[in-house]
Asks: 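Just passing along the structure, written as structure tokens.
As the structure is a prediction and not an experimental result, all values here were calculated from the model.
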Amino acid sequence: MTFSSDIQPLRVVVAGGGIAALETILALHDLAGDRVDITLVAPGDTFSLRPLEVARPFARGRARTLSLSAFAADHGVELVRAGVLAVDAERRVATCTDGSEVPYDELVLALGATARPAFARALTFGAGGDPLALNGILADLDQGYSSSVAFVVPKEASWPLPIYELALMTAEEVHGMGMDRVVLHIVTPERTPLGIFGPKASASVADLLDAADIVMHRGVVADVNADGAIELGFGEPLHVDRIVALPALGGPALDGVPSDARGFIPVDELCRVRGLEHVRAAGDATDQPVKQGGLACQQADVVATGIAAAAGADVTVEPMHAVLNGLLLTGHRDRFLRRAVGEHDSETALEPLWWPPTKVHSRYLAPYLERHGLTEVPMRRLDTDLDIDVRIPLGAGS
């Protein structure tokens, strides 16, 4: 895409090095071409598909790291190795952790959420720690040191799907080794299992949990007391040997940027930051209720389309029509789940509902990672009367 050389390209600064940031850059590269001059501000130099970390303790998949330096070079993007501390919207500059100021015509905040342990006496999965720490619990179960585990969704977690994956794959692991004495629990504020996907998908997940003998505690805003027991809000506390919990999430709470009580950035239907001009946001840093990679990519596409239009590209800017796509890794027969947000109907299937069948469905990022051999999802499906472990390579590795 080219345009008259006497028109200066828009200076676009993308802050963040995760899913939403890379989707934004790839979308801008396609939609705006040389109408934009992109700077990526990211504190690290590597990207990996974090939603795949849930599979690592069970050898069900992996994500190779992507060099942000190489990614930036391939797409003609300037890379600033720093974080963003503050935004001066009047001067249109972002202040970075290294003390520098980066000017912009359009700013994209794709910073992600901050994660912290929700409970002191639990293994927090997904707060930046080593996902293989779960192997210690699996070893304790195998050796008889532990006989019960509770997988807990705290009230501050809006995307519960990983806890179901951990519980279901743990169930297959222990039952496959004949450890029928082990009792597994899921404790969640949800009224129904993965009810966010609608009744049909929730019923399918409930069947999986029943088949795996996982005890459900629904509608519970849990807490863990000083004795390590789980307070359910009614009746006796739940006593288990080990607790695995999702992290509590918060927003970046940047100086100069509006935020809600938890630090998340308020955005409108076009992902423009409310109260600021020329600043947009996408991903888990926003006040979108559900923090999920596929939705982050959909926001990023809306952001990129808006910026491309501002740069003079022939594109149509429309509000985000969110569609929730989730690949539930079960260890036995994975489920593809889909629901348009706000609609009652949903889909659930053993076969892929999208391609490539990655953990994060997206217009640009998933195909890019597949082309570069950066992900691989081992899928299990029923082709005959026997369970067959079918590995669908999305490139050279995962």
Asks: Are His75 and Tyr368 close enough that their ring centers fall under 6.0 Å?
Replies: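 Yes, ring centres under 6.0 Å apart.
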Asks: Under a 4.5 Å cut-off applied to non-hydrogen side-chain atoms, are Leu85 and Asp255 in contact?
Replies: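 They are not in side-chain contact.
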Asks: Under the criterion side chain to side chain contact (heavy atoms under 4.5 Å, CB included), I'd like the reasoning laid out for Leu79 against Asp45: C-alpha separation, chi angles, the key distance, then a yes or no.
Replies: CA-CA 9 Å; Leu79 177 62; Asp45 190 44; 3.8 Å; yes
Asks: Looking at Phe197, is its backbone amide N or carbonyl O close enough to the side chain of Ser346 to form a donor-acceptor pair, meaning the two atoms are under 3.5 Å apart?
Replies: yes
Asks: So, Thr95 versus Asp88: side-chain donor-acceptor pair below 3.5 Å or not?
Replies: no
Asks: Quick one: are Arg339 and Lys200 in side-chain contact, heavy atoms under 4.5 Å?
Replies: no
Asks: Return yes when atom CZ of Arg191 has more than 12 non-hydrogen atoms of other residues, nucleotides or ligands closer than 6.0 Å, and no otherwise.
Replies: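 At most 12 heavy atoms, drawn from other residues, nucleotides or ligands, come within 6.0 Å of this atom.
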Asks: When you check the gap from the basic side-chain N to the acidic O, do Arg91 and Glu101 get nearer than 4.0 Å?
Replies: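 Looking at Glu101 together with Arg91, the answer is yes, because their closest N to O distance falls below 4.0 Å.
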Asks: Hey, are the side chains of Phe47 and Leu374 touching, using non-hydrogen atoms and a 4.5 Å cut-off?
Replies: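 Phe47 vs Leu374: side chains apart.
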Asks: Does CD in Glu269 sit with more than 12 non-hydrogen atoms of other residues, nucleotides or ligands closer than 6.0 Å?
Replies: yes
Asks: List the atom of Val303, the atom of Ala281, and the distance in Å for their closest heavy-atom pair.
Replies: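 Scanning both residues completely, I find the closest heavy atoms to be CG2-O, 3.8 Å.
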Asks: How about Glu165 and Lys359: do any of their side-chain heavy atoms sit closer than 4.5 Å?
Replies: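 Yes, at least one pair of side-chain atoms sits under 4.5 Å.
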Asks: Main chain of Asp260, side chain of Arg262: is a donor-acceptor contact present, judged purely on distance under 3.5 Å?
Replies: no
Asks: Which atoms form the tightest heavy-atom contact between Met216 and Pro193, and what is the distance?
Replies: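 Distance-wise, the nearest heavy atoms are CE-CG, 4.0 Å.
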Asks: State, yes or no, whether a side-chain contact exists between Val244 and Leu166 at a heavy-atom distance under 4.5 Å.
Replies: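 They are in side-chain contact.
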Asks: Side-chain contact test, heavy atoms from C-beta onward, threshold under 4.5 Å: evaluate it for Ile137 versus Ser146 and give yes or no.
Replies: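 No; the side chains remain at least 4.5 Å from each other.
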Asks: For residues Cys297 and Val360, determine if any side-chain heavy atom of one lies less than 4.5 Å from a side-chain heavy atom of the other.
Replies: yes
Asks: Provide the closest heavy-atom pair for Ala94 versus Val84 in the form atom of the first, atom of the second, distance.
Replies: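 Result for this residue pair: CB-CG1, 4.4 Å.
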Asks: Step by step, work out the side chain to side chain contact (heavy atoms under 4.5 Å, CB included) result for Phe58 and Leu138.
Replies: CA-CA 10 Å; Phe58 308 94; Leu138 297 176; 3.9 Å; yes
Asks: Using the side chain to side chain contact (heavy atoms under 4.5 Å, CB included) rule, take Phe151 and Leu168 through it: C-alpha gap first, then chi angles, then the decisive distance, then the call.
Replies: CA-CA 10 Å; Phe151 297 86; Leu168 286 165; over 6 Å; no
Asks: Is any side-chain heavy atom of Pro252 closer than 4.5 Å to one of Thr114?
Replies: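 Thr114 vs Pro252: side chains apart.
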Asks: Using every non-hydrogen atom in the two residues, find where Met169 and Val54 come nearest and quote the distance to one decimal.
Replies: CE-O, 3.6 Å
Asks: Would you say Glu236 has more than 12 foreign heavy atoms packed within less than 6.0 Å of its CD?
Replies: no
Asks: My understanding is that only one of Thr39, Val12, Val279 makes a side-chain contact (heavy atoms from CB on, under 4.5 Å) with Tyr104; could you say which?
Replies: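 Answer to the side-chain contact (heavy atoms from CB on, under 4.5 Å) test with Tyr104 among Thr39, Val12, Val279: Val279.
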Asks: Out of the candidates Val341, Leu295, Asp284, only one should pair with Val290 under the side-chain contact (heavy atoms from CB on, under 4.5 Å) rule; please name it.
Replies: Leu295
Asks: What's the shortest heavy-atom distance between Gly126 and Pro247, and which atoms?
Replies: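 Where Gly126 meets Pro247 most closely, the heavy atoms are O-CG, 3.6 Å.
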Asks: Search all heavy atoms of Lys291 against all heavy atoms of Ser158 and return the closest pair with its distance.
Replies: N-OG, 2.9 Å
Asks: Indicate whether any N or O donor in one side chain lies under 3.5 Å from an N or O acceptor in the other, for Thr65 and Thr46.
Replies: no
